[in-house]
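Written below as structure tokens is the structure these notes are about.
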Amino acid sequence: MRPYDAGYRALKDVITSGSIGAPLMLHCAHRNPSVGDSYTTPMAITDTLIHELDVLRWLLDDDYVSAQVVFPRKTSHASSHLADPQIVLLETSRGVRIDVEIFVNCQYGYDIQCSVVGESGVANLPEPASVLLRSEARLGTTILTDWKQRFIDAYDVELQGFINGIRDGALTGPSAWDGYAAAVAADACVKAQETRQVEAISMGERPAFYPR
């Protein structure tokens with residue numbers, strides 16, 4: 001759904017325009033205020049990072065070749081069986097380095113960040129629209145606390161795009177190959193959690209009927 005988000009689309013437009021040069025590094029974060037006791041360490045990949053694995057590949061038009069997971073000091077707010085936060089380090093076929101912080105008990109809100117460092121500039125994912133409030137000797141904006149608030153519009157755009165494609169007889173958007181690519185990358189990340197090593201990501205040959 002994230003490629004249908006207005007912020008990510010604006011970020012991709014900047015990258016495609018070449019105004020910041022070729023991307024060199026991405027610094028990203030996926031933070032939730034809290035998760036339940038049923039949330040496990042691998043779910044940081046399969047339920048949380050999976051969104052970044054999908055959208056960042058689309059954003060860069062590039063495939064992943066390796067993954068590593070490192071574990072900072074554990075937050076006191078995490079369940080005993082959960083390693084939280086985690087940092088996932090990815091490398092793409094063009095040599096772009098990506099770090100994604102996964103912090104699912106950050107307490108303060110639902111916060112999605114993405115900063116693309118290019119050869120001649122930096123582009124950041126826009127923050128969700130919020131009124132800048134001056135009140136009681138404070139200046140600030142509201143931070144969202146729920147993923148539905150952050151991405152509900154993207155779901156609407158995605159669904160409308162599917163409906164339009166059915167109507168016009170020409171579906172666009174993600175293919176089964178994109179889903180496969182995200183699943184392969186997720187498997188490698190889960191393995192990297194277990195081994196604490198850099199794990200290779202290999203998707204094999206793209207079938208001819210799935211053009212880039």
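Owing to the predicted nature of the structure, the values given are computational and were not obtained by experimental measurement. These numbers come from the heavy atoms of this one structure, side chains and all, not from hydrogens, waters or symmetry mates.
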side-chain contact (heavy atoms from CB on, under 4.5 Å) assessment of R2 paired with W58: CA-CA 10 Å; R2 288 214 191 160; W58 167 82; over 6 Å; no
Treating Ile, Leu, Val, Met, Phe, Trp and Tyr as nodes and any side-chain heavy-atom pair under 4.5 angstrom as an edge, say whether [X] and [Y] lie in one connected cluster.
X    : Y   : value
V88  : L24 : no
V100 : V70 : no
V117 : V96 : no
I98  : I87 : no
I112 : V14 : yes

Chi angles and distances behind the side-chain contact (heavy atoms from CB on, under 4.5 Å) call for L89, R97: CA-CA 7 Å; L89 306 174; R97 290 287 186 167; 5.9 Å; no
Using side-chain contact (heavy atoms from CB on, under 4.5 Å), reason through V65 and D63 one step at a time and then give a plain yes or no. CA-CA 7 Å; V65 296; D63 287 321; 5.8 Å; no
Of all heavy-atom pairs between [X] and [Y], which one has the smallest distance, and what is that distance?
X    : Y    : value
L11  : C114 : CD2-SG, 3.9 Å
R134 : L139 : CG-CD1, 3.4 Å
V122 : S115 : CG1-OG, 3.4 Å
A67  : A192 : O-CB, 3.8 Å
A188 : A200 : CB-O, 4.0 Å
W177 : M203 : CH2-O, 3.7 Å

Among [options], the one residue meeting side-chain hydrogen bond (donor to acceptor under 3.5 Å, both in side chains) with [X]:
X    : options              : answer
Y39  : D47, D84, N105, T48  : T48
T195 : K191, E199, Q193     : E199
H30  : Q86, E101, Q113, E52 : E52

Rounded to the nearest 0.5 Å, how far does [atom2] of [Y] lie from [atom1] of [X]?
X    : Y    : atom1 : atom2 : result
L59  : L125 : CG    : CG    : 9.0 Å
I143 : D111 : CD1   : CG    : 6.0 Å
D156 : Y4   : CG    : OH    : 13.0 Å
L90  : L49  : CG    : CG    : 6.5 Å
D187 : I201 : CG    : CD1   : 10.0 Å
E158 : I163 : CD    : CD1   : 11.0 Å

Using modelled atom types only, decide if a donor and an acceptor are shared between the side chain of [X] and the backbone of [Y] within a distance under 3.5 Å.
X    : Y    : answer
Y64  : L53  : yes
Y155 : M1   : no
S130 : T142 : yes

Evaluate the side-chain contact (heavy atoms from CB on, under 4.5 Å) criterion for residues L26 and L60: first the C-alpha distance (whole Å), next the side-chain angles of each, then the deciding distance (0.1 Å), finally the verdict. CA-CA 10 Å; L26 271 67; L60 296 173; 3.9 Å; yes
Taking atom CZ of F162 as the centre, does the number of heavy atoms from other residues, nucleotides or ligands within less than 6.0 Å exceed 12? no
Taking side chain to side chain contact (heavy atoms under 4.5 Å, CB included) as the test, write out the residues that go with S66, two or more places apart. E91, V198
Measure the shortest side-chain to side-chain distance between F103 and T75 over non-hydrogen atoms and say whether it is less than 4.5 angstrom. yes
Scan side-chain atoms only and decide if D178 and S175 contain a donor-acceptor pair under the 3.5 Å cut-off. yes
May I ask you to check whether S79 and D37 show a side-chain donor-acceptor distance below 3.5 Å? yes
Test Y110 against every option in K148, Q149, R150, R31 by the side-chain contact (heavy atoms from CB on, under 4.5 Å) rule and name the one that passes. R150
